[in-house]
Amino acid sequence: MNGADTAWIIVATALVLFMTLPGLALFYGGLVRARNVLSVFMQTYAIACLMSVLWLVFGYTIAFGNEGGATSLWGGLSKMALSGVTTESLSGTLPEILFFAFQMTFAIITPALIVGAYVERIGFGFVLLFSGLWMLLCYAPVVHWIWGGGMMADGGIFGETGVRDFAGGIVVHETAGIAALVIAVMLGARKHRTTPPHAPWMVMIGAAMLWVGWFGFNGGSQLAADGGAAMALTVTHISAATASLTWALWERIKYGKASLVGLVTGTIAGLASITPASGFVGPIEALIIGAIAGVLCQEAVNVVRNGLKIDDTLDVFAVHGVGGIFGTIMIAAFGEGTWLAQLGALAVVGIFTFVVTVVLVKLVGLVTPLRVDEESEVNGLDLSAHGERAYDIAS
């Protein structure tokens with residue numbers, strides 16, 4: 001065990017949890033109507049609780065179990081409920097229990113990202129049942145394929161050089177983005193699609209927390225306290241800053257004004273785009289990735305909203321999905337990995353995520369309603385689903 005590595009990953013674990021609680025909750029909560037803000041908080045918080053338990057019992061062993069080899073589809077059940085893992089067990093230079101906890105925070109935020117696609121009209125029971133099953137049947141197997149030594153790692157189906165995905169461009173952002181788009185289509189649009197964010201200040205606070213937490217997300221993925229972690233942290237910051245500026249500039253050019261919500265959404269686009277490449281590029285490459293991401297993801301928002309008429313409410317696919325896919329491709333463009341592995345993994349994981357998500361939406365919908373009734377949607381989910389309200393006067 002390395003003491004410095006262990007200390008850093010303990011901090012990084014806290015930072016990644018901080019991304020969901022409270023960062024993502026505030027970011028998403030500020031974007032919805034005032035009568036739905038508590039429902040967003042409830043969904044993200046409850047997902048964090050449920051994923052923690054499920055990751056302990058089944059998720060970790062599916063993703064990082066010892067069974068199988070370079071062509072394996074899952075890790076088996078040898079580490080179910082952390083069987084055999086003690087304080088003396090090691091994962092590289094880290095206590096394995098710490099590696100478990102660090103990866104648990106990724107299993108929390110990935111299904112929580114999907115929340116942005118279905119806010120203001122989703123059944124709470126559906127959120128929990130779908131998220132739990134999706135994490136186990138979609139997210140955890142993909143983790144094993146790419147990070148757990150499975151079929152897409154070095155020596156797997158793409159040859160000696162496997163997929164390069166440093167912190168989750170495919171594993172986190174592509175899977176969450178595609179699942180979000182699928183659910184948005186199957187769920188249908190809100191009754192009130194044009195209502196503006198009720199609290200832009202809250203969106204900014206949440207985005208700022210996500211930015212800080214992302215240092216643990218990407219810097220921690222080095223799994224060591226060294227120069228690689230420092231570089232990952234630095235390029236993450238540069239990409240986020242640059243994408244914020246290009247998003248705001250593009251808004252100013254197109255619409256005449258740069259908005260606060262736009263500026264901080266650009267931040268998230270830059271963070272998502274640099275995530276898969278953060279361990280493989282330097283500051284100049286990060287500058288390029290961020291500069292393109294601010295414009296690319298904003299145009300993706302316009303395509304999904306206005307071109308395809310899909311109510312992916314908080315632009316999960318356009319920002320996270322497109323950003324993660326773009327960053328994954330840029331790894332090959334900058335000479336790391338192989339085009340076969342990067343594009344092949346995007347295709348395989350994309351199809352797998354699409355199929356699993358469609359099947360789960362259909363099956364879970366048979367157990368608990370996918371969408372609330374029209375009266376509950378109009379009145380807001382805070383009161384109708386949870387019996388509470390965030391403000392005395394609701395928009």
Side-chain angles (χ1 to χ4, degrees), residues 17-53 108-109 111-132 176 180 183-184 186-210 213 259-265 268 305 310-316 319 361 364-365 367-395:
L17 181 60
F18 183 70
M19 291 173 68
T20 305
L21 305 172
L24 189 69
L26 289 170
F27 181 73
Y28 280 172
L31 288 167
V32 299
R33 292 191 299 163
R35 65 190 66 189
N36 289 311
V37 60
L38 294 185
S39 71
V40 174
F41 291 171
M42 186 74 171
Q43 289 161 14
T44 52
Y45 206 100
I47 284 173
C49 297
L50 181 59
M51 296 314 113
S52 301
V53 174
I108 287 169
I109 198 169
L113 289 174
I114 305 171
V115 167
Y118 53 60
V119 291
E120 302 193 309
R121 62 204 189 278
I122 195 81
F124 183 62
F126 180 91
V127 170
L128 291 186
L129 185 54
F130 170 83
S131 297
I183 295 177
M186 298 180 75
L187 185 58
R190 294 164 292 163
K191 302 298 180 185
H192 302 281
R193 285 191 62 174
T194 58
T195 306
H198 92 277
W201 65 267
M202 188 184 294
V203 181
M204 178 268 173
I205 295 296
M209 291 175 171
L210 283 164
S259 67
L260 174 64
V261 169
L263 179 75
V264 303
T265 304
I268 307 305
R305 282 187 188 176
I310 297 172
D311 189 14
D312 176 359
T313 313
L314 308 184
D315 307 313
V316 182
V319 174
V361 170
V364 175
V367 178
T368 182
L370 170 61
R371 185 166 183 155
V372 300
D373 59 71
E374 186 171 350
E375 181 180 359
S376 297
E377 183 178 343
V378 171
N379 292 336
L381 301 187
D382 289 1
L383 276 175
S384 62
H386 307 298
E388 302 170 292
R389 70 169 80 225
Y391 309 101
D392 289 333
I393 301 175
S395 65

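Please read all numbers here as calculations on a predicted model, not as lab measurements.
- With hydrogens and angles left out, the side-chain atoms of Thr313 and Arg121 include a donor and acceptor closer than 3.5 Å.
- Considering all non-hydrogen atoms of both residues, Leu113 and Val316 come closest at O-CG2, 3.4 Å.
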Criterion side-chain contact (heavy atoms from CB on, under 4.5 Å) on Ile183 and Ile114, from CA distance to verdict: CA-CA 9 Å; Ile183 295 177; Ile114 305 171; 3.8 Å; yes

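- Proximity of Phe124 to His386: side-chain heavy atoms (C-beta onward) are separated by under 4.5 Å at one or more points.
- By the neighbour-count criterion of 12 heavy atoms within 6.0 Å, atom CE of Met186 is densely surrounded, having more than that number from other residues, nucleotides or ligands.
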Asp382 vs Arg35, salt bridge (Lys or Arg N to Asp or Glu O under 4.0 Å): CA-CA, chis, key distance, verdict: CA-CA 6 Å; Asp382 289 1; Arg35 65 190 66 189; over 6 Å; no

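- Between the CG atom of Leu314 and the CD1 atom of Ile268 there is a distance of 12.0 Å, given to the nearest 0.5 Å.
- Salt-bridge annotation for Arg305 and Asp311: absent, with no side-chain N of the basic residue lying under 4.0 Å from a carboxylate O of the acidic one.
- Here the side chains of Asp315 and Thr265 are not in contact, with every heavy-atom distance at 4.5 Å or above.
- For the atom pair Met202 CE and Leu31 CG, the distance stands at 10.0 Å (nearest 0.5 Å).
- Residue Arg33 comes nearest to His192 through the heavy atom pair NH1-CD2, 3.8 Å, listed as atom of the first residue, atom of the second, then distance.
- The nearest pair of heavy atoms linking Ala390 to Leu38 is N-CD1, 3.5 Å.
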Worked verdict on Leu260 versus Val203 for side-chain contact (heavy atoms from CB on, under 4.5 Å): CA-CA 9 Å; Leu260 174 64; Val203 181; over 6 Å; no

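- Counting all heavy atoms, side chain and backbone alike, Ile108 lies closest to Ile47 at O-CG2, 3.9 Å.
- Note that the CG atom of Leu383 and the CD atom of Glu388 stand 9.0 Å from one another [nearest 0.5 Å].
- Counted within 6.0 Å of OH on Tyr45, heavy atoms from surrounding residues, nucleotides or ligands total 12 or fewer; the atom is thus considered open.
- Here the straight-line distance linking atom CG of Leu187 with atom CD1 of Ile310 works out to 12.5 Å at 0.5 Å rounding.
- Closest approach of Val40 to Gly29, counting heavy atoms only: CG1-N, 3.7 Å.
- We find the CG-CZ distance between Asn379 and Arg389 to be 10.0 Å, quoted to the nearest 0.5 Å.
- Here the CG atom belonging to Leu21 is positioned 11.0 Å from the CZ atom belonging to Phe41, to the nearest 0.5 angstrom.
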Stepwise side-chain contact (heavy atoms from CB on, under 4.5 Å) check, Val37 with Tyr391: CA-CA 10 Å; Val37 60; Tyr391 309 101; 4.1 Å; yes

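- Here the side chains of Val127 and Tyr118 are in contact, with some heavy-atom distance below 4.5 Å.
- For the pair Leu210 and Met19, the tightest heavy-atom approach, listed with the atom from each and the gap, is CD2-O, 3.3 Å.
- Residues Glu377 and Glu120 have side chains not in contact (no heavy-atom distance under 4.5 Å, counting atoms from C-beta outward).
- In this structure, Asn36 contributes its side chain and Leu381 its backbone to a donor-acceptor pair below 3.5 Å.
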From CA spacing to verdict: side-chain contact (heavy atoms from CB on, under 4.5 Å), Lys191, Glu374: CA-CA 8 Å; Lys191 302 298 180 185; Glu374 186 171 350; 4.0 Å; yes

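- Using a 4.5 Å heavy-atom threshold, the side chains of Gln43 and Ile122 count as touching.
- A donor-acceptor pair is defined here as one N or O able to donate and one able to accept, closer than 3.5 Å; no such pair exists between the side chain of Ser131 and the backbone of Leu128.
- Aromatic ring centroids of Phe130 and Phe126 lie under 6.0 Å apart.
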